[in-house]
Amino acid sequence: MPQVRTRFAPSPTGYLHLGGLRTAAYAYLYARKRQGVFILRIEDTDQEREVPGAEEQLRRSLKLAGLTYDEGPDVGGDFGPYVQSLRKDIYAPYAWELVEKGAAYPCFCAKERLDQSRAEAERNGLTFKYDRRCLSIPKDEARRRVESGEKYVIRQHIPLTGFASFDDAQYGHIEVDVSQLDDMVLMKADGFPTYNFANVIDDHSMGITHILRGTEFLSSTPKYNLLYEAFGWEKPVYIHLPLVMADATRKLSKRHGDPSFEDLLGEGYLPEAVINYIALLGWNPGDEREFFTLKELEQAFTLEGLSKSPSMFDKNKLTWMNGEYIRKLPFERYFELAMPWLERTLPGGGRDPKRLAELLHGRTEVFNRIPGMAAFLSDMPEYDLSLYTHKKMKSDPAVAADSLAFAQPILRGVDDWTEAALHDALMPAIAQSGRKNGQVLWPLRVAISGLMSTPGGATEIAYLLGKDETLSRVTAALERLSAHNKPD
RNA sequence: GCCUCCGUGGUCUAGAGGUCAGGACAUCGCCCUCUCAAGGCGGCAACACGGGUUCAAUUCCCGUCGGAGGUGCCA
């Protein structure tokens, strides 16, 4: 059996969005699973839409995702170049070969005229089809006009009757009446091939055996097969992938500014988590496992697990999965990753960055949540006194005032400001006084954090704040409470 | 409009004639607990509809409806 060769063929028109990432991942996984070769090819035949730097970004994204390609623009290979603009000269001869075979013909129609009739067709609710005006031009006359420098394109000559079809590994046999097909442009007036043509030529000449791509190509693939047949080339295996939707009505696309892979990384999602999540969008392993490393995915990936219907990108679930990945991170690694985020709100990470990070570790779903969780340590937030009211903790502003007055001297008496010391000073005293833990600790935590919830309990927060800051916050709280409890 | 594809809870999905329709996220409740989170336990929640075929349809067929993709000298 010949070696499997798959490719990911993005156009450098922007960043790598999640749909693209998933397509790339499946093509990669399929190749790896079958001990095949995964290729990156840049499809930059559209000069107008090209975005500078996009190719580099695409390559960087793939690298970050761990989807290493065996052949590609920057790594070389025996089938290069891997950028279509660098292959520009190879397409025209193939196009002329088709012209010779009667499967294509030069067309001299003015774009303006076609645009007009297209607009008219749309107005009338009809599908525009090129009227084949140039099909009847004799070959030698067409040659002459081309040689004389007249502007032209080369169109595929779709058979007049019959059906065009192809077999898809996922969707089965797909067939369409050729009367539905347009004589699409193969070579543009600027000398570049269209995607429709270049992808066929390149997939063939790069020896691609399995084409994995989104279902947006499902309806144009019969036309590609006609091309393969005209050339007499062996057809690849087609594996179309259901689209990833941004919401119920829109496919994920860079044109709409949907999140790119790198956006997500920038927000503090782990690449492994994103890959894991995205792999499960439209594919399942056949059992109920849902955590996979890339290596494990390489083993587990099968075509049978692919689904046919589009799926929606659910950031919620990604966030959950990311949290799971973060929790499983060795602490040292977490600390390293978390530190820059901590620095954004707490210079140096505060009094004990390590301890803070330990407390944060199990509570971080996405790294960008860290500043929000730690900000209160550097700046005491404004808060409403209603925070002191907590039914379960049996606390309200009056209780809080009492509890803080009770806790204040105890805190003052702690010299060795550690969590253990704070704990040992407070707990027995609370018990002895006949108060409930929550009655004291809830108000204390609120007084020093101003928050409903914090990445630690009262003693942990007090420790992180330090003695001076803790006491000054308690004092301030006491003042507010007494003003509130005894108006006038 | 036309062509192609798709249709299990809010979301991702298992299911390939007979299942209490399973799992995960989200959500709700309880437990644990110095808050929150995590964790444990439990709840709510789905086969789009209508015809067939069959002893039996979520599962097979047809239709309807709904959704998406395509309909570019974009990819």
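In what follows, chains carry the letters A, B, and so on, assigned in the order in which the sequence lines appear, proteins first and then strands, with residues in each chain numbered from 1. Computed over heavy atoms, backbone and side chain alike; hydrogens, waters and symmetry mates excluded.
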(request) Tell me which nucleotide among rG72(B), rU11(B), rU35(B) gets nearest to the side chain of D182(A). (result) rG72(B)

(message) Among rG69(B), rU35(B), rC73(B), which nucleotide has an atom closest to any side-chain atom of S453(A)?
(response) rU35(B)

(message) Looking only at the side chain of S309(A) (C-beta and beyond, no hydrogens), which of the listed nucleotides rG7(B), rA75(B), rC3(B) gets closest?
(response) rG7(B)

(request) Would you verify whether the NZ or CZ of R155(A) falls within 45 degrees of the ring axis of Y130(A) while also being under 6.0 Å from that six-membered ring's centre? (result) yes

(message) Under 6.0 Å from the ring centre and within 45 degrees of the ring axis: does the NZ or CZ of K88(A) meet both conditions for the six-membered ring of F192(A)?
(response) yes

(request) Would you mind pulling out the nucleotide paired to rG50(B), Watson-Crick or G-U wobble, both distances under 3.5 Å? (result) rC62(B)

(request) Please report, rounded to the nearest Å, how far the P atom of rC34(B) is from the CG atom of L441(A). (result) 8 Å

(request) For the residue pair T454(A) and R445(A), confirm or rule out a side-chain donor-acceptor distance under 3.5 Å. (result) yes

(message) If you compare every side-chain N and O of T45(A) against the phosphate oxygens of rC74(B) (OP1, OP2), does one of them come in below 4.0 Å?
(response) no

(request) Answer with base, sugar-phosphate or nothing: what part of the nucleic acid does K151(A) contact at a heavy-atom distance below 4.0 Å? (result) nothing

(message) Say we look at rC61(B) and rG43(B): how far apart would their C1' atoms be, to the nearest angstrom?
(response) 39 Å

(request) Look at the side chain of K317(A) and the base of rA26(B), then say whether one donor and one acceptor between them are separated by less than 3.5 Å. (result) no

(message) Side chains of D396(A) and T389(A): any donor to acceptor distance under 3.5 Å?
(response) no

(request) Hunt down the Watson-Crick or G-U wobble partner of rA14(B), both distances under 3.5 Å, from any strand shown, or write none. (result) none

(request) Please tell me which of P242(A) and V176(A) maps to the more 5' nucleotide of RNA chain B, matching each residue to the nucleotide holding its nearest heavy atom. (result) V176(A)

(request) Grab the CD-C1' distance between E304(A) and rG15(B) for me, whole Å please. (result) 16 Å

(request) Quick one: look up who rG9(B) pairs with, Watson-Crick or G-U, both distances under 3.5 Å, and put none if it's unpaired. (result) none

(request) Give a yes/no on whether any side-chain N or O of K223(A) is located under 4.0 angstrom from OP1 or OP2 of rG70(B). (result) no

(message) For the P atoms, the ones on rA14(B) and on rG9(B), what distance do you get once it is rounded to whole angstrom?
(response) 12 Å

(message) Using OP1 and OP2 only, check whether a side-chain N or O of K308(A) sits under 4.0 Å from rU4(B).
(response) no

(message) With a 6.0 Å cut-off on the ring centroids, do F8(A) and Y69(A) count as close?
(response) no

(message) Ignoring hydrogens and geometry beyond distance, is the side chain of S311(A) in donor-acceptor contact with the base of rC12(B) at under 3.5 Å?
(response) no

(request) Would you tell me whether N368(A) and Y269(A) have side-chain atoms, one donor and one acceptor, within less than 3.5 Å of each other? (result) no

(request) Check the distance between rU11(B)'s P and M312(A)'s CE and give it to me in whole angstrom. (result) 5 Å

(request) Could you measure between the two P atoms, the one in rU58(B) and the one in rG18(B), and give it in whole Å? (result) 10 Å

(message) Measuring from the side chain of Y171(A) (C-beta onward, heavy atoms only), which nucleotide among rC6(B), rU13(B), rC73(B) has the closest atom?
(response) rC6(B)

(request) Rounded to whole angstrom, note down the C1' distance from rU8(B) over to rA48(B). (result) 10 Å

(message) Quick check: any donor-acceptor pair below 3.5 Å linking the side-chain of K315(A) to the base of rU11(B)?
(response) no

(message) Given rG69(B), rA38(B), rG23(B), identify the nucleotide with an atom nearest to the side chain of L243(A).
(response) rG69(B)

(message) Categorize Q170(A) for me: base, sugar-phosphate, or nothing, with a 4.0 angstrom heavy-atom threshold over every strand shown.
(response) nothing

(request) Please name the residue in the list K188(A), Q84(A), M187(A), R87(A) that meets the side-chain contact (heavy atoms from CB on, under 4.5 Å) test with P193(A). (result) M187(A)

(request) Give the rounded distance in Å between these two atoms: CD1 of I278(A) and C1' of rC25(B). (result) 15 Å

(request) Over 60° means perpendicular and under 30° means parallel, so classify the ring planes of F367(A) and W341(A), tilted if in between. (result) parallel

(message) Looking at K111(A), I'd like to know whether one of its side-chain N or O atoms comes within less than 4.0 Å of OP1 or OP2 on rC73(B).
(response) no

(message) Tell me which nucleotide, if any, is Watson-Crick or G-U wobble paired with rU4(B) when both distances must be under 3.5 Å.
(response) rA68(B)

(request) Take atom C1' in rA21(B) and the same atom in rU33(B), then report the distance between them in whole Å. (result) 37 Å

(request) Would you tell me whether Y325(A) and Y277(A) have side-chain atoms, one donor and one acceptor, within less than 3.5 Å of each other? (result) no

(message) I need the CD-P distance between E290(A) and rU11(B), as an integer number of Å.
(response) 18 Å

(message) Can you check the distance between rC30(B) and rC36(B), where both ends of the measurement are the P atom (answer in whole Å)?
(response) 12 Å

(message) Roughly how many Å apart are rG51(B) and rA57(B), using the C1' atom of each and rounding to a whole number?
(response) 13 Å

(request) Using the closest heavy atom to pick a nucleotide of RNA chain B for each, name whichever of G362(A) or L218(A) lands nearer the 5' end. (result) L218(A)

(message) Rounded to whole Å, how long is the line connecting atom CZ of R445(A) with atom P of rA37(B)?
(response) 11 Å

(message) Taking only the P atom of each, what is the distance from rA16(B) to rG23(B) in whole angstrom?
(response) 16 Å

(message) Please report the distance, rounded to the nearest Å, between CD1 in I158(A) and C1' in rU71(B).
(response) 13 Å

(message) Using OP1 and OP2 only, check whether a side-chain N or O of N284(A) sits under 4.0 Å from rA14(B).
(response) yes

(message) Checking base pairs now: Watson-Crick or wobble, both atom distances under 3.5 Å. What partners rC74(B)?
(response) none

(request) May I ask you to verify if any side-chain N or O of R435(A) is less than 4.0 angstrom from the OP1 or OP2 atom of rC34(B)? (result) no

(message) For a quick test of reading the model: is some side-chain N or O of R49(A) closer than 4.0 Å to OP1 or OP2 of rA75(B)?
(response) no

(request) Name the closest nucleotide to the R118(A) side chain, picking from rC73(B), rG69(B), rC5(B). (result) rC73(B)

(message) Going by purine N1 to pyrimidine N3 plus the second Watson-Crick contact, or the G-U wobble pair, all under 3.5 Å, which nucleotide sits opposite rG39(B)?
(response) rC31(B)

(message) Please classify the nucleic acid contact of M321(A) as base, sugar-phosphate, or nothing, using heavy-atom distances under 4.0 Å.
(response) nothing

(message) In whole Å, I'd like the distance from the CG atom of L359(A) to the C1' atom of rA37(B).
(response) 11 Å

